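Report on one structure; see the data block that follows.
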Amino acid sequence: MRRAVCPGSYDPVTNGHLDIIERAARQFDEVTIAVLINKSKKTLFSVEERLEMLREVTAGYPNVRIDSWHGLLVDYCKTNGIGAIVKGLRAVSDFDYELQMAQMNQRLSGVETLFMSTNPVYSFLASSLVKEVATYGGDVSELLPPTIEQRMRERLAELS
């Protein structure tokens, strides 16, 4: 069985994330979306909320599973029999950082990283940018699944 992981913080999951997830799901027998836990990173949603949102928006993909992990991604891959990491690249700046990570991961474990170019429609899209725009009342409805946008608006209203 060909298994891959799509790691990230997914705070919140965007249409750009979903594009990569959908495309990876067509290439692999099983794709795990791993919410990586970084306690030093300030997030809008808890890990449990992000897992729940991901389960909701990927429910139509029978070969996609949702999980979380704290630690080295390659250890997660080893523990779960995953041979590939799938990452979306938006720009050259993403490549510079992701190439170093890919080479380190390959050196540590032999796990390969496969890069997918982001759909040009989402090439500018980042969760942090979406949160910032939404905080100031900007329209992000075309950037997020509708249920995720609603949850984000509710959370932002709670915080203001």
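Everything numeric here is computed off the predicted structure, so don't read it as measured data.
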Nearest 0.5 Å please: distance from the [atom1] atom of [X] over to the [atom2] atom of [Y].
| X | Y | atom1 | atom2 | answer |
| --- | --- | --- | --- | --- |
| R153 | I148 | CZ | CD1 | 13.5 Å |
| L125 | S127 | CG | OG | 7.0 Å |
| R50 | E48 | CZ | CD | 8.5 Å |
| D94 | L99 | CG | CG | 12.0 Å |
| S128 | K41 | OG | NZ | 7.5 Å |
| T113 | K87 | OG1 | NZ | 8.0 Å |

Just checking [X]: does its [atom1] atom have more than 12 heavy atoms from other residues, nucleotides or ligands closer to it than 6.0 angstrom?
| X | atom1 | value |
| --- | --- | --- |
| E142 | CD | no |
| Y97 | OH | no |
| E154 | CD | yes |

Count I, L, V, M, F, W, Y as connected when their side-chain heavy atoms are under 4.5 Å apart, and connections chain through other members. Are [X] and [Y] then in the same cluster?
| X | Y | result |
| --- | --- | --- |
| L72 | I37 | no |
| Y10 | V140 | yes |
| V13 | L51 | yes |
| L18 | L89 | no |
| Y122 | V92 | no |

Main-chain N/O of [Y] paired to [X] side chain as donor or acceptor, under 3.5 Å:
| X | Y | result |
| --- | --- | --- |
| N119 | G16 | no |
| D29 | M1 | no |
| R23 | M116 | no |
| S160 | A157 | yes |

[X] side chain near [Y] side chain, heavy-atom distance below 4.5 Å:
| X | Y | value |
| --- | --- | --- |
| L73 | V5 | yes |
| D67 | I33 | no |
| E22 | I20 | no |
| V31 | Y61 | no |
| V57 | P145 | yes |
| D139 | V133 | no |
| E49 | R155 | yes |
| S9 | T43 | no |

Problem - Partner of H17 under side chain to side chain donor-acceptor pair (under 3.5 Å), chosen from N15, T14, D19 - result: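 Passing option: T14.
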Non-hydrogen atoms of [X] and [Y] that approach each other most closely:
| X | Y | answer |
| --- | --- | --- |
| R65 | Y76 | NH1-OH, 3.5 Å |
| L36 | P7 | CD1-CB, 3.6 Å |
| A84 | L114 | CB-CD1, 4.2 Å |
| L144 | P12 | CD2-CG, 4.0 Å |
| M152 | F45 | CA-CZ, 3.7 Å |
| I82 | R3 | CG2-O, 3.7 Å |

Exercise for the section: Just do the side-chain contact (heavy atoms from CB on, under 4.5 Å) check on E112 and I85 with the steps written out, would you? Expected result: CA-CA 6 Å; E112 295 293 344; I85 299 166; over 6 Å; no
Exercise for the section: Could you walk me through whether C6 and T32 pass side-chain contact (heavy atoms from CB on, under 4.5 Å), step by step? Expected result: CA-CA 6 Å; C6 292; T32 300; over 6 Å; no
Handout entry: Sidechain N-carboxylate O distance under 4.0 Å for K131, D11
Key =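 Looking at K131 and D11, the cut-off is met.
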Practice task
Walk me through it: do V86 and F115 pass the test side-chain contact (heavy atoms from CB on, under 4.5 Å)?
Solution key: CA-CA 6 Å; V86 175; F115 299 122; over 6 Å; no
Exercise for the section: I would like to know whether E52 and R151 meet salt bridge (Lys or Arg N to Asp or Glu O under 4.0 Å); could you show each step before the answer? Expected result: CA-CA 11 Å; E52 181 182 317; R151 287 175 106 151; 2.6 Å; yes
Handout entry: Donor-acceptor side-chain pairing of T147 and E56 below 3.5 angstrom
Key =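 E56 and T147 do have a side-chain donor-acceptor pair below 3.5 Å.
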Handout entry: Donor + acceptor pair across side chains of S40, N38 (<3.5 Å)
Key =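 Per modelled atom types, S40 and N38 side chains form a pair under 3.5 Å.
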